[in-house]
Structures are given as C-alpha cells and as structure tokens.
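Heads up: numbering here begins at 1 and tracks the sequence.
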Amino acid sequence: METPLFKDYLELHFIILLWGFTAILGKLISIPAVELVFFRTIITAVALGLLIKFRGQSLNIGRKNAVRIASVGFLIAAHWILFFASARISSVSICLAGLSTSSLWTSFLEPLFTKKKVKAHEVALAVLIMVGLYIIFRFEFDHAVGIAMAVGSAFLASCFTIINSKLTKQMPATTITCYEMAGAWLATTLFLPFYRTFMTDTGQLQLAVSWADVLWIGILAIVCTFYAYTAAVRLMQKFSAYTMNLTVNLEPVYGILLAFFIFNEAEQMSAGFYYGAAIILFSVFLHPILEAVVNRRQRKLKNALPN
C-alpha cells in the first residue's frame with residue numbers, strides 16, 4: 001500500500017464533503033425526487049461507460065452478471081428517491097441524521113448475508129442509535145415522514161453496500177457502478193408511469209428543468225457521483241479500510257454544517273433534534289474505535305494461545 005500524502009488527506013475530506021453536499025443539492029433542484037434520480041442515474045451511467053471505454057476496458061461481463069448487478073440498481077434508485085424526498089419535505093439536517101442509521105442496519109443485516117458473527121458492541125451501538133432516533137421523533141414529530149424516509153433510505157443503503165462488498169471481489173468497481181447506475185435508471189423509468197398516475201397532483205411528470213437545475217444536476221451527477229466515486233476507489237489504494245470508514249462518518253457532520261450556513265436550518269430545528277443527532281453521530285464515530293479495540297484484543301488472545 002502506498003503512503004498517503006497530505007494532498008491525499010485533503011482530497012479524501014473533499015470527497016466526503018461532496019457526499020454531504022448531495023442532500024443540499026436535492027433541496028436546491030426544483031424538480032421532484034423521482035425525476036431528479038431519473039436524470040442523475042442516466043448521466044452517471046453514461047459518464048462511467050465513457051470512462052471505461054476511454055480506459056480501454058470492456059463492459060462485457062455476461063448477461064447473467066449484467067442482470068444480477070443491474071438489479072442492485074433498483075435498490076439504489078429507491079434509496080436515492082427516499083433520500084432526496086426526505087430532504088425536500090423535511091430538512092437537510094433531518095435527512096442526514098436519518099441516513100446516519102445505516103450502521104444500525106448493517107449491524108443487523110450483515111450477519112444475515114455473510115458468515116460474520118453478531119458483535120455485542122455493534123448491538124449496543126444500535127440501541128444507542130435507536131435512543132437518538134426516539135429523541136428526534138419526540139421533538140420533531142412534524143418531520144416524522146421525512147425521518148421515516150431517511151431511515152428507510154439508510155436501510156436500503158446498507159443492503160446494497162453489503163451486496164457490493166461481495167461484487168467488488170469479482171470485477172472492477174467502476175464496471176459494477178456503471179451497470180448499477182443503468183439499473184437504477186431503468187428502475188426509475190419503470191416506476192414513472194405508476195408515479196405519474198398515483199403520486200403526482202397534476203398527473204404529469206416535471207421533466208422540464210431550469211438552467212439552474214441543469215447546473216445543480218450536472219454537479220450532482222458529475223462531481224458528487226462520477227468524480228467522487230472514482231476518486232474514492234483510487235484513494236483506497238493509499239488508505240486503510242479503517243481510515244476510509246472513519247472519514248466517511250463525517251458525511252452527516254459536513255452536510256449538517258453546510259445546511260446551517262446555506263439554509264440557516266438552526267432556526268427550524270429544536271434543541272431535541274441536536275441532542276438526538278449528537279447521540280447518533282457519537283455512535284457512528286464510536287463504532288470504528290470499538291471495532292479496532294475488539295480486533296486488537298482478539299489478536300492478543302489468538303497469539304496467547306499455544307500453537
């Protein structure tokens with residue numbers, strides 16, 4: 001593994017900042033969440049496809065693999081629709097606080113999908129996150145739907161992250177993402193007739209975008225998705241998984257801070273929200289630390305056993 005330089009640390013934090021900025025972009029863009037995901041996924045899929053061709057790589061992975069990976073895109077599409085809808089109907093802070101519960105879902109779901117054993121400290125942190133959510137629900141009941149959408153989005157994110165952890169061992173990450181974005185676009189396209197008929201007030205899709213929307217959607221697809229993802233994969237060659245995971249936990253922090261300065265959301269949030277969000281973020285930051293302590297203790301016990 002290469003030794004990371006100072007500029008690598010700056011780039012890593014810049015990437016996390018971009019990911020925290022996505023909820024803000026979702027609120028700045030005027031079109032609804034479903035139409036937004038429609039544009040985001042097709043732009044990202046085409047950009048990744050062009051990148052793969054430019055690198056001289058092949059997109060041919062076989063029909064079975066293509067269908068299997070593209071189907072994961074259905075989960076991603078639902079995740080993004082709930083994510084942007086949550087930010088739109090409630091607030092960026094509420095959305096990101098709910099998204100922070102992805103570690104809660106992972107602690108329960110990962111043992112079901114893999115041979116990983118349930119860890120006591122992960123269950124304890126999951127309970128702590130539930131306490132934080134209870135406090136937020138209690139003080140921000142008016143945003144209950146937005147919170148529920150964000151938590152649902154976090155659940156779906158945990159599902160496809162666990163699936164992707166297996167897929168990345170079989171083929172290049174950029175190829176996986178290209179097919180997943182294509183699958184997410186297909187899922188959104190198939191959902192549009194139902195959405196237009198039963199979930200819109202006018203029975204019409206809002207696909208007409210302003211020039212401001214073009215700018216924000218372009219930043220979302222190219223900068224926050226295409227660039228941020230490919231750069232993160234490149235930096236994985238220099239940073240340990242522990243460092244990457246610990247830094248990614250800053251995403252909701254950066255997002256909430258950005259929302260404070262851009263939208264002045266402190267005027268909309270009660271003190272109870274910040275108490276609950278602080279408990280959730282504390283749990284998220286504490287997880288990798290406890291994980292390192294538990295792993296170190298297990299290694300010591302293993303080394304102490306007679307051969």
Side-chain angles (χ1 to χ4, degrees), residues 15 19 22 33-85 102 105-106 108-116 152-199 205 207 217-218 220-237 241 244:
I15 291 168
W19 287 340
T22 55
V34 176
E35 289 90 331
L36 171 55
V37 173
F38 174 84
F39 284 117
R40 180 186 188 180
T41 51
I42 188 60
I43 294 172
T44 306
V46 171
L48 279 168
L50 292 174
L51 174 66
I52 292 170
K53 287 295 185 181
F54 177 77
R55 289 177 174 177
Q57 300 171 346
S58 175
L59 278 168
N60 185 14
I61 59 174
R63 182 179 298 179
K64 184 177 180 180
N65 284 330
V67 171
R68 182 163 58 102
I69 296 173
S71 64
V72 181
F74 282 57
L75 295 177
I76 295 174
H79 156 70
W80 277 345
I81 289 172
L82 288 174
F83 176 78
F84 289 123
S102 57
W105 297 116
T106 303
F108 290 124
L109 293 175
E110 195 169 17
L112 298 177
F113 287 94
T114 66
K115 296 180 180 180
K116 178 183 175 183
S153 176
F155 171 79
L156 293 172
S158 178
C159 289
F160 68 72
T161 298
I162 294 171
I163 296 172
N164 279 345
S165 66
K166 293 184 176 182
L167 292 176
T168 52
K169 298 175 183 178
Q170 304 171 18
M171 58 192 70
T174 49
T175 303
I176 293 171
T177 305
C178 182
Y179 276 97
E180 287 182 346
M181 291 298 103
W185 173 79
L186 176 61
T188 308
T189 302
L190 293 174
F191 179 63
L192 286 179
F194 176 86
Y195 165 75
R196 180 182 59 191
T197 304
F198 299 103
M199 302 179 68
L205 299 176
L207 295 175
I217 293 172
L220 176 65
I222 302 300
V223 180
C224 297
T225 308
F226 174 77
Y227 158 73
Y229 174 79
T230 53
V233 172
R234 173 171 49 80
L235 289 175
M236 287 178 186
Q237 301 172 358
M244 292 291 292

Visitor: Can you give each donor-acceptor pair under 3.5 Å made by side-chain atoms of residues 70-80, sequence neighbours left out, with the distance rounded to 0.1 Å?
Guide:
unit_1	atom_1	unit_2	atom_2	d
S71	OG	V67	O	3.4
S71	OG	R68	O	2.5
H79	ND1	S153	O	2.9
H79	ND1	S153	OG	2.7

Visitor: Could you list all the side chain to side chain donor-acceptor pair (under 3.5 Å) pairs where at least one residue sits in residues 37-64, not counting sequence neighbours?
Guide: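 As it turns out, the side chain to side chain donor-acceptor pair (under 3.5 Å) pairs with a partner in residues 37-64, which skip direct neighbours, are R40-T225.
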Visitor: Using side-chain heavy atoms (C-beta onward) and a distance below 4.5 Å, is L205 in contact with F38?
Guide: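 The answer is no, as the side chains (C-beta and beyond) never meet within the 4.5 Å cut-off.
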Visitor: Could I get the full list of ring pair (Phe, Tyr, Trp, His ring centres under 6.0 Å) partners for F198, not counting sequence neighbours?
Guide: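 F198 satisfies ring pair (Phe, Tyr, Trp, His ring centres under 6.0 Å) with F194 once adjacent residues are dropped.
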Visitor: Do the side chains of Y179 and N65 get nearer than 4.5 Å, heavy atoms only?
Guide: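 No, side chains not in contact.
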Visitor: Which atoms form the tightest heavy-atom contact between S158 and L109, and what is the distance?
Guide: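 So the two residues come closest at OG-CD1, 3.8 Å.
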Visitor: Find the distance between CD (E180) and CG (L167) and round it off to the nearest 0.5 Å.
Guide: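 The distance works out to 6.5 Å.
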Visitor: Residues two or more places apart in sequence or in another chain: which of them pass side-chain hydrogen bond (donor to acceptor under 3.5 Å, both in side chains) with T177?
Guide: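 So T177 forms a side-chain hydrogen bond (donor to acceptor under 3.5 Å, both in side chains) with Y229.
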Visitor: Which distance, rounded to the nearest 0.5 Å, do you find between the CD1 of I81 and the CG of L156?
Guide: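 These two atoms lie 10.0 Å from each other.
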Visitor: What residues, two or more places apart in sequence or in another chain, satisfy ring pair (Phe, Tyr, Trp, His ring centres under 6.0 Å) together with F39?
Guide: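 Partners of F39 under the ring pair (Phe, Tyr, Trp, His ring centres under 6.0 Å) test: none.
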Visitor: Among residues at least two apart in sequence or on other chains, which ones pass side-chain contact (heavy atoms from CB on, under 4.5 Å) with A85?
Guide: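 side-chain contact (heavy atoms from CB on, under 4.5 Å) check on A85 returns A33, M149.
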Visitor: Let me have the donor-acceptor pairs involving side chains of residues 185-193, under 3.5 Å, with sequence neighbours excluded, atom names and distances please.
Guide:
unit_1	atom_1	unit_2	atom_2	d
T188	OG1	A184	O	2.8
T189	OG1	W185	O	2.8

Visitor: List the residues meeting side-chain hydrogen bond (donor to acceptor under 3.5 Å, both in side chains) with T174, not counting sequence neighbours, and say none if there are none.
Guide: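 Result, side-chain hydrogen bond (donor to acceptor under 3.5 Å, both in side chains) vs T174: none returned.
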Visitor: Sequence neighbours excluded, which residues qualify as side-chain hydrogen bond (donor to acceptor under 3.5 Å, both in side chains) partners of R196?
Guide: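 R196 satisfies side-chain hydrogen bond (donor to acceptor under 3.5 Å, both in side chains) with no residue once adjacent residues are dropped.
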Visitor: For W19, which residues count as a ring pair (Phe, Tyr, Trp, His ring centres under 6.0 Å) partner, sequence neighbours excluded?
Guide: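 Counting only residues at least two positions away or on another chain, W19 forms no ring pair (Phe, Tyr, Trp, His ring centres under 6.0 Å).
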Visitor: Quick one: CG on L48 to CE on M181, what's the gap to the nearest 0.5 Å?
Guide: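 Interatomic distance, L48 CG to M181 CE, rounded to 0.5 Å: 8.0 Å.
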Visitor: Report the residues that fulfil side-chain contact (heavy atoms from CB on, under 4.5 Å) with A231, sequence neighbours left out, ordered by chain and then residue number.
Guide: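 Per chain and number, A231 pairs via side-chain contact (heavy atoms from CB on, under 4.5 Å) with E11, I15, Y227, R234.
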Visitor: Go through the structure and list residues passing ring pair (Phe, Tyr, Trp, His ring centres under 6.0 Å) with F226, not counting sequence neighbours.
Guide: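 Ring pair (Phe, Tyr, Trp, His ring centres under 6.0 Å) list for F226, sorted by chain: empty.
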Visitor: Can you tell me how far apart CD1 (I52) and OG1 (T175) are? Round to the nearest 0.5 Å.
Guide: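 I52 atom CD1 to T175 atom OG1 measures 4.0 Å (nearest 0.5 Å).
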